[in-house]
Amino acid sequence: MSDIPAQGFRRATEETKGVQVLLILGVVACMTLLLFAPLIAVFSAALADGAVAAVQSLGNADARSAIVLTLTVTAIAVPLNAAFGIAAAWAITKFEFRGKAFLITLIDLPFSVSPVVAGLCLVLLFGANSLIGGWLVAQGNPIIFALPGIVLATMFITFPFVARELIPVMIEQGKAEEEAALTLGAGGWRVFLTVTLPNIRWALLYGVLLCNARAMGEFGAVAVVSGKIRGQTATMPITIEMLYNEYLSVAAFSMAALLALLALVTLALKTALEWRYADQLAATHRH
Amino acid sequence: MIKGIIHRSPMPGLRLSMGITLAMLSLIVILPIGALLSKGASFGLEGIWAVVSTERSMAALFLSFRISLFAALINLVLGVATAWVLVRYRFPGRKLLDAAVDLPFALPTAVAGIALTALYAPNGFLGAMAKEAGFKIAYTQWGILIALIFVGLPFVTRTVQPVIEEIEREVEEASATLGASRAYTLRRVILPMLTPAALTGFALALARSVGEYGSVIFIAGNIPLRTEIAPLLIVIRLEEFDYDGASAIGIAMLVISFVMLFVINGIQIWSRRRIGYV
């Protein structure tokens, strides 16, 4: 690999320069149309009436309550899913039991269920017409069209994220270090906190990052269970839809730009993790 | 009972970790899906079929599946090409492109939806160019196709990319030494190695597209029988408080999801047997 090919000479394990340039241009053109152009469209539509109008549209009461609601939902759903991810990865990688493959399939299930169907399932289980839902409404604690429903919908959609990142990393690391710590007399929690956690921290952060991005942006499942009550159960994505349908373009795109910025920060952090801590992430993220 | 299922292990935390796992899995995933399935069981197959076989439901389900299939096929080709370009070639902006491929995972679907609509609508930048050429993208099935290509874009690239990185140059060198042309090597040596990963990515993209809602509804136009996707029809039925109608279509979609999950697992088992990795 180290020798430099002579002028006009092509390695037998490479495509011709012409093919290379054509492929690169083709891919870059497609990605520009599909990825970069929509991103530019969001920011230019948000700034159509100037930066002041964009910022002002985010300052009104409904917009602020949407932002607070989205942050609240994320602050509940993401830590719970992180705790679940750690517990599931521990149970799956530290023990041998029958039905493990089936358990993993069940954990992955939310990835292949439509968000709208997920919302529908929650409405059927907890809606006012159901057994549980009817009782909860009578108690004055409704789940559907209220905060708990939005949290449950968000948790359903982001359910596999953390577990998916941790399981391959923990399989790769094996049990030897934990077993050594146990032999030396450490208790269960101490083993987890001082041996396992430092080994998986970057993979955990990676999973939490993706989980958080998806949680803040979830639309389909939340749209079904939120009831879309302005100022109460309208999250940021739901508010974007309502503003867009009312032809309040600047306001809709300003809020969209805020979420797009979050997506960009997520991508930047994710890429930084992939470069810096590649050896501590699942193999598919090392490139 | 537990002793027969779980092997004895000196590791601590079995009860706690398994307890949390099963409790949350039940509350968040199994019970809600069970609620839909039991609703379906109460209709019986004929009851579900009576709703699903109506013209509007069939049109919506068929549309969702058909356009998702086209989008996943386009993503299959584009994804393999992107992965190849990112791993094998060096050009300015490569790392930026590599990071940007994951944008559809990170960008909220509603944001993607209004962004694509703003761009491809007749008064948008690209939509206006298409209009000049006598072509309408947004508010037609082409718009749905673009949104679904966007949503499924990262899957094939991200499953194929690590496989290309693992290919050892010696294999290609051996093929070239034995007199194979580059095209022949790509077709007979490289492509078979990529097939399982590419198919996995294809199936994941397809599964995601069939159920996609947020990025599609803004650009689709949502005309019944023509540009109305199945998830939207569920939402419409729910807004009419027609829970039975919504559930019947939801069950049809759930069955499609289960089949896809089964196929994805099948591909992965097959590829593990064939080449030892996924």
Close side-chain approach of [X] and [Y], heavy atoms under 4.5 Å:
X      : Y      : answer
A:L34  : B:I146 : yes
A:L80  : B:I28  : no
A:N81  : B:M24  : yes
A:M155 : B:L27  : no
A:V28  : B:F91  : yes
B:L232 : A:V116 : no
B:F105 : A:L267 : no
A:T271 : B:K95  : no

Greater than 12 external heavy atoms within 6.0 Å of [X]'s [atom1]:
X      : atom1 : result
B:F262 : CZ    : no
B:R15  : CZ    : no
A:L131 : CG    : no
B:E170 : CD    : yes

Nearest-0.5 Å distance, [atom1] of residue [X] to [atom2] of residue [Y]:
X      : Y      : atom1 : atom2 : result
B:E212 : A:F219 : CD    : CZ    : 10.0 Å
B:M253 : A:S114 : CE    : OG    : 4.5 Å
A:E14  : B:R169 : CD    : CZ    : 6.0 Å
B:F150 : A:L33  : CZ    : CG    : 12.5 Å

Segment of [X] engaging chain B (4.5 angstrom heavy-atom cut-off):
X      : answer
A:L209 : neither
A:I40  : neither
A:K175 : both
A:F111 : neither
A:P237 : both
A:A45  : neither
A:V113 : both
A:L210 : neither
A:L35  : both

Look at [options] and state which one has the largest set of heavy-atom pairs under 4.5 Å with chain B.
options                      : value
A:E218, A:E241, A:M255       : A:E241
A:V19, A:L152, A:V21, A:L106 : A:L106
A:A41, A:G188, A:A88         : A:A88
A:F36, A:F95, A:Y244, A:F97  : A:F95
A:T266, A:V191, A:T105       : A:T105

Below 4.5 Å from any heavy atom of chain A, which atoms of [X] appear? Answer side chain, backbone, both or neither.
X      : answer
B:L186 : side chain
B:L126 : side chain
B:I30  : side chain
B:I256 : neither
B:S9   : side chain
B:I217 : side chain
B:L16  : side chain
B:L254 : side chain
B:S38  : neither
B:F125 : neither
B:L238 : side chain

- Given the rule in the side chain to side chain contact (heavy atoms under 4.5 Å, CB included) test, do B:Y213 and A:V117 qualify, once you have shown the distances and angles that lead to the verdict? CA-CA 10 Å; B:Y213 174 71; A:V117 174; over 6 Å; no

Minimum heavy-atom distance [X]-[Y], with the two atoms named:
X      : Y      : value
B:W84  : A:L23  : CD1-CD1, 4.2 Å
B:S17  : A:W90  : OG-CD1, 3.4 Å
B:A207 : A:S112 : CB-CB, 4.3 Å
B:T21  : A:F84  : O-CE1, 3.6 Å

- Show your reasoning for whether side chain to side chain contact (heavy atoms under 4.5 Å, CB included) applies to A:M31 and B:L153. CA-CA 9 Å; A:M31 294 302 153; B:L153 201 61; 3.8 Å; yes

- Looking at B:I264, B:T109, B:L116, B:L261, which one has more heavy-atom pairs under 4.5 Å with chain A than the rest? B:L261

- Message: If you count heavy-atom pairs within less than 4.5 Å of chain A, which of B:V235, B:L37, B:V85 leads?
- Response: B:V85

- Going through the distances and angles, do A:I86 and B:I20 end up as a side chain to side chain contact (heavy atoms under 4.5 Å, CB included)? CA-CA 10 Å; A:I86 293 170; B:I20 294 174; over 6 Å; no

- B:L14/A:K94 under side chain to side chain contact (heavy atoms under 4.5 Å, CB included): CA gap, chis, key distance, verdict: CA-CA 8 Å; B:L14 173 65; A:K94 303 297 179 200; over 6 Å; no

- Item | Residue-level interface, residues 120-129 of chain A with chain B, non-hydrogen cut-off under 4.5 Å | A:L120, A:C121, A:L122, A:V123, A:L124, A:L125, A:F126, A:N129

- Task: Could you point out which residue of B:L78, B:I149, B:T82 forms a side chain to side chain contact (heavy atoms under 4.5 Å, CB included) with A:C30?
- Result: B:L78

